[in-house]
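What follows is a set of notes on a single structure, which appears directly below.
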Amino acid sequence: MVVVAILAAGRGTRMKSNLPKVLHSLGGQSLIERVLESSRALLPSRQIVIVGYQAVEVKAAMQSIPNLEFVEQTEQLGTGHAIQQLLPYLENYNGDLLVLSGDVPLLRKETLKHLVQIHTEHNNAATLLTAQLSNPKGYGRVFCNSENIVQQIIEDKDCTPTQKQNCRINAGVYCFRWQDLAKVLPHLRADNAQKEYYLPDVVSQLQPVMAVDVQDYQEILGINDRLQLATAYEILQRRVKEKWMAAGVTLIDPNSITIDDTVELQPDVTIEPQTHLRGNTVIQTGSRIGPGSLIENSHLGENVTVSYSVVTDSVVQSGSRVGPYAHLRNHVEVGASCRVGNFVELKNSKLGDRTNVAHLSYLGDTVTGNRVNIGAGTITANYDGVNKHKTIIGDGTKTGSNSVLVAPLTLGNDVYVAAGSTITEDVPDDSLVIARTRQVVKPGWRKKQKTED
Ligand code: UD1
Ligand code: CA
């Protein structure tokens, strides 16, 4: 049985931010959400977040995550002091405690599982994750015997120059036998360079404590400043892109593309340069996205093309073409084999199959049928300054260039709207509607004017 505790009370001074460090976003998810997610693979019986600095904000940001407990560390006196706060909450608990840092967001689930497995197999009092770094600066150094049994951890700031030469570092990820830890926690002392109660100090009082080297040292990167945040993003991007390329996705100029790790792509999708895929986006096989596009929380069917466009919270069915320069937002549904063209904005609207909105249009709160052709420059006037109104357009209807459809409005099936019309009343099936002033031609009018001059 394992309880997970995540350290998230620290101030994160080096971020120089008003936002608590653990709430900084890394590829669409906060640091702490990422830590929580990787720990979930262990099916913990409880998940406890230790909050302190800006506790209200941290709690509010995680309100919607189920089964989280918060424990407050009102004064931030160190990582050991933070874990001391758990004593009253885990009084009769007999299992293991996995301690994670809210600022170490790239840990793989497999790594945590491996750590806990080694801990159980060897019946250790504590097992901690370590790494051998060529530049160990800033991290606590781990001193072991030849059997990976830990003798001592010394913080960077407390190391002698010789101790600093040790490249084996503490990742800040520990699995403890809780009853053993609970006995030694109250005896921590703050006699060190930072005058803090250090959690790593417990290792010299526990027996045995084992160090497990992480295979990929990039996983244990701690985020203390903006440069490390950017480095973590690069690592994350490399992981995500390598995964999708191995799965049959073509990325043209991968360095110019960003893909959140929540996105799903099918084989034979092609992503062109300067394209960004975010949130819960799914793109099906044969689709070609970009260049220069942003797709967020959207589902694109098979063989869809999108170029130089922004698509958010929308669905585009198979075979449809979007762009260049289209903006789909706020729950748009584009049917199959449609064309949404140049300089077109669609908002909260539905297009039936084989419907075209090819040039310079705005459709808001509109439902169109199948095989509709929206002429160049057609605009729905859906907002009267107070309320939004709906426009319904039947199958096979065509609107002429530069028509204005004043909502609420229903155009039936196979209606023709004459170019330049402003339509304010419903139109029945199979009609031609013209709503513009008739053209007046006055022959010879110019000549007459000239003689008067
Ligand atoms: C810590 C370890 C160090 C390790 C490194 C790995 C200690 C003393 N040192 O150093 O050995 O190599 O992590 O990244 O533990 N926190 C609290 N309450 C506090 C202080 C900190 O909750 O009173 C939280 C922070 O919010 C953070 C985590 O604990 O999430 C680590 O604290 P931080 O100050 O970043 O420790 P490091 O100096 O990185
Ligand atoms: Ca840190």
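Whatever order the structure lists them in is the order used to number ligands and atoms, beginning at 1. Values reported hereafter were calculated over all heavy atoms of this structure, with side chains retained and with hydrogens, waters and symmetry mates removed.
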Among Leu363, Leu328, Val357, Asp365, which residue meets the side-chain contact (heavy atoms from CB on, under 4.5 Å) test with Ser349? Leu363
Electrostatic pair Glu296-Arg329, nearest N-O below 4.0 angstrom: no
Heavy-atom protein contact below 4.0 Å for atom 33 (P) of ligand 1: no
Knowing that exactly one of Ile374, Val334, Val311, Val322 qualifies, which makes a side-chain contact (heavy atoms from CB on, under 4.5 Å) with Leu346? Val334
Can you find a pair of side-chain heavy atoms, one from Leu405 and one from Ile393, that are under 4.5 Å apart? yes
Can you tell me the protein heavy atom closest to atom 39 (O) of ligand 1 and the distance? Asn224 OD1, 4.0 Å
Sidechain N-carboxylate O distance under 4.0 Å for Asp156, Lys137: no
Would atom 23 (O) of ligand 1 count as contacted, meaning some protein heavy atom under 4.0 Å? yes
Short N or O distance, Thr79 and ligand 1, threshold 3.5 Å exclusive: yes
For atom 6 (C) of ligand 1, find the nearest protein heavy atom and state the residue, atom name and distance (0.1 Å precision). Asn170 O, 3.4 Å
Say whether Val22, considering both its backbone and side-chain N or O atoms, lies within less than 3.5 Å of an N or O atom on ligand 1. no
Counting only heavy atoms, which portion of Ala9 has something under 4.0 Å from ligand 1: side chain, backbone, both, or neither? both
Atom indices of ligand 1, in the order listed, that fall short of 4.0 Å to a heavy atom of Ala8: 22 (O), 26 (O)
Taking distance alone, with no angle check, do Tyr139 and ligand 1 share an N/O pair under 3.5 Å? no
Can you tell if the side chain of Ile271 reaches within under 4.5 Å of the side chain of Ile252, non-hydrogen atoms only? no
Which of the ligand 1 atoms, numbered from 1, are nearer than 4.0 Å to a heavy atom of Gln73: 17 (C), 18 (N), 19 (C), 22 (O), 23 (O)
For atom 20 (C) of ligand 1, what is the nearest protein heavy atom, given as residue, atom name and distance? Gly78 C, 3.8 Å
Salt bridge flag under 4.0 Å for residues Arg288 and Asp268: no
Looking only at protein heavy atoms, which one is nearest to atom 38 (O) of ligand 1, and how far off is it? Arg14 NH2, 4.1 Å
Does at least one non-hydrogen atom of His81 fall below 4.0 angstrom from an atom of ligand 1? no
For atom 10 (O) of ligand 1, what is the nearest protein heavy atom, given as residue, atom name and distance? Glu155 OE1, 4.0 Å
Is Asp103 salt-bridged to Lys21, cutoff N-O under 4.0 Å? yes
Atom of Asp103 closest to the Ca ion (ligand 2), considering N, O or S atoms: OD2
Taking atom types as modelled, find out whether Tyr198 and Gln194 have a side-chain donor-acceptor pair closer than 3.5 angstrom. yes
Output yes if Asn224 passes the N/O/S-under-3.0 Å test against the Ca ion (ligand 2); output no otherwise. yes
Look at Arg168 together with Asp213 and state whether they make a salt bridge at an N to O cut-off of under 4.0 Å. yes
Heavy atoms of the protein only: does one fall short of 4.0 Å from atom 1 (C) of ligand 1? no
Which segment of Glu196 sits under 4.0 Å of ligand 1 when only heavy atoms are counted: neither
Contact atoms of ligand 1, heavy-atom distance to Gly140 under 4.0 Å: 3 (C), 4 (C), 11 (O), 12 (O)
If you measure every N/O of Pro200 against every N/O of ligand 1, is any gap under 3.5 Å? no
Does the side chain of Tyr325 reach to within under 4.5 Å of the side chain of Ser309, using non-hydrogen atoms? no
Kindly state if atom 13 (O) of ligand 1 has a protein heavy atom within a strict 4.0 Å cut-off, that is, under 4.0 Å? no
Are Arg108 and Asp216 ion-paired here, with the side-chain N under 4.0 Å from a carboxylate O? yes
Using a 4.0 Å cutoff against the non-hydrogen atoms of Ala171, which atoms of ligand 1 qualify? 6 (C), 14 (O)
Minimal non-hydrogen separation, Gln47 against Leu36, with atom names: NE2-CD2, 3.3 Å
Could you check Ile169, Leu107, Asn170, Ile118 and say which one makes a side-chain contact (heavy atoms from CB on, under 4.5 Å) with Leu129? Leu107
Would you say that Val344 contacts Leu360 through its side chain, given a criterion of any heavy-atom pair below 4.5 Å between the two side chains? no
Out of curiosity, is Gly102 lining ligand 1, as in a heavy atom under 4.0 Å away? yes
Quick one: does Ile50 get a heavy atom under 4.0 Å from ligand 1? no
Closer than 3.5 angstrom, by distance alone: can the side chain of Lys195 be matched with the main-chain N or O of Asn192 as a donor-acceptor pair? yes
Nitrogen or oxygen of Tyr198 less than 3.5 angstrom from that of ligand 1: no
Counting only N and O atoms by type, is there a donor-acceptor contact under 3.5 Å from the side chain of Gln266 to the main-chain atoms of Thr285? yes
Can you check atom 36 (O) of ligand 1: any protein non-hydrogen atom closer than 4.0 Å? no
Determine whether any heavy atom of Leu77 lies closer than 4.0 Å to an atom of ligand 1. yes
Check Arg11 against ligand 1 and report side chain, backbone, both or neither, counting heavy atoms closer than 4.0 Å. neither
Quick test: of every protein heavy atom, which one is nearest to atom 29 (O) of ligand 1, and how far off is it to 0.1 Å? Leu7 CB, 3.3 Å
re atom 26 (O) of ligand 1, the protein heavy-atom contact at minimum distance is Gly10 N, 2.8 Å
